[in-house]
Amino acid sequence: LKRTIFAKAMGILYNTGLRPKELLGLKWGEVTTSRHSTEEEAKVNYRLVVRADNSKTGKRRIIVAPVKKRFDIVRKCYQKMGISVGINDYVFQSPTIKGKPYSRQQFYLRLKRVLKASGLEKELEAEGKVLSLYSSRHFFITMRLRYGKVPLYLLSKVVGSSVQNLTDVYGHIDTELEASLITKNMGRLTRNGFDMESQVTADE
């Protein structure tokens with residue numbers, strides 16, 4: 001059951017962009033169905049509230065993501081373990097320390113064990129890569145920009161980061177994606193006899 005809870009926690013991280021600390025500080029009362037969801041959306045989406053004291057920036061924010069099934073499975077796991085899942089209880093509470101959430105260190109060590117046992121650790125090392133809990137956040141932001149084409153301003157609100165920070169870290173993705181727009185008609189200048197090497201006067 002603990003393995004299942006961890007697996008679902010990782011899936012939630014990769015689908016929300018939450019910082020590990022924010023996920024572990026989440027309480028059941030902050031996981032609900034959005035009143036703006038359609039009947040179909042309500043079957044897959046949950047509305048997550050990151051309260052101000054659980055956010056790195058100190059600002060409350062809301063995330064809507066297709067993670068309902070994962071949270072529902074986590075709830076059932078705790079019920080099978082005989083652990084309370086009231087609205088004021090942490091979603092990822094430690095089975096050994098009553099009322100306390102799992103620590104980032106506990107999740108990190110479990111991730112390390114999984115990577116080693118699965119053989120992924122060696123593959124990553126061979127490629128000079130490192131996978132951490134925080135990697136899920138980078139993955140989420142990259143996928144939303146590359147394939148979701150989510151505007152930077154909206155994404156900054158979802159992940160709790162400034163537009164400037166997203167631009168500094170992930171700005172190259174926009175440039176790559178919009179290459180066709182940036183290079184549009186560039187060849188036409190040459191075809192129409194425009195000499196890129198000649199000096200152009202103010203009058204011209």
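These numbers were taken from a predicted model, which means no experiment stands behind them.
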Beyond-backbone contact of [X] with [Y], side-chain heavy atoms, under 4.5 angstrom:
X	Y	result
Gln105	Leu109	yes
Glu121	Leu131	no
Leu13	Met10	yes
Val64	Tyr46	no
Phe92	Ile5	yes
Phe6	Val114	yes
Phe140	Leu155	yes
Ser135	Lys129	no

Under 3.5 Å, side chain of [X] to main-chain N/O of [Y], donor-acceptor pair present?
X	Y	result
Arg19	Gly160	yes
Arg137	Val159	yes
Asn54	Val50	no
Arg51	Gly25	yes
Arg61	Val158	yes

Review point. Just checking, any donor-acceptor pair under 3.5 angstrom between side chains of Ser84 and Asp89?
Key: yes

Closest non-hydrogen atom pair between [X] and [Y], with its separation:
X	Y	result
Pro101	Leu24	CB-O, 3.3 Å
Arg70	Lys8	CD-O, 3.7 Å
Ser118	Leu115	OG-O, 3.1 Å
Val91	Trp28	CA-NE1, 3.5 Å
Val163	Ser156	CG2-OG, 3.6 Å
Gln106	Ser94	NE2-OG, 4.3 Å

**Study point:** Which residues share a ring pair (Phe, Tyr, Trp, His ring centres under 6.0 Å) with Tyr78, sequence neighbours left out
**Key:** none

Practice item. Kindly write out the residues that satisfy ring pair (Phe, Tyr, Trp, His ring centres under 6.0 Å) with Tyr14, not counting sequence neighbours, or none if the list is empty. Key: Phe139

So how far is it from [X] [atom1] to [Y] [atom2], rounded to the nearest 0.5 Å?
X	Y	atom1	atom2	answer
Asn88	Lys27	CG	NZ	6.0 Å
Ser162	Asp168	OG	CG	7.5 Å
Arg144	Asn15	CZ	CG	8.5 Å

Answer yes or no: are there more than 12 heavy-atom neighbours, outside [X] itself, under 6.0 Å from its atom [atom1]?
X	atom1	result
Tyr134	OH	yes
Arg104	CZ	no
Lys21	NZ	yes

**Study point:** Pair Lys122 + Glu125, salt bridge at N-O below 4.0 Å
**Key:** no

Going hydrophobic residue to hydrophobic residue with side-chain gaps under 4.5 angstrom, can you get from [X] over to [Y]?
X	Y	value
Phe107	Ile73	no
Ile87	Tyr90	no
Val150	Val169	yes
Tyr108	Leu120	yes
Phe71	Ile62	no

Exercise for review: Let me know which of Leu26, Val67, Leu23 forms a side chain to side chain contact (heavy atoms under 4.5 Å, CB included) with Thr16.
Suggested key: Val67

Check your understanding: For Lys43, which of Glu39, Glu41, Glu40 qualifies under side-chain hydrogen bond (donor to acceptor under 3.5 Å, both in side chains)?
Key -> Glu40

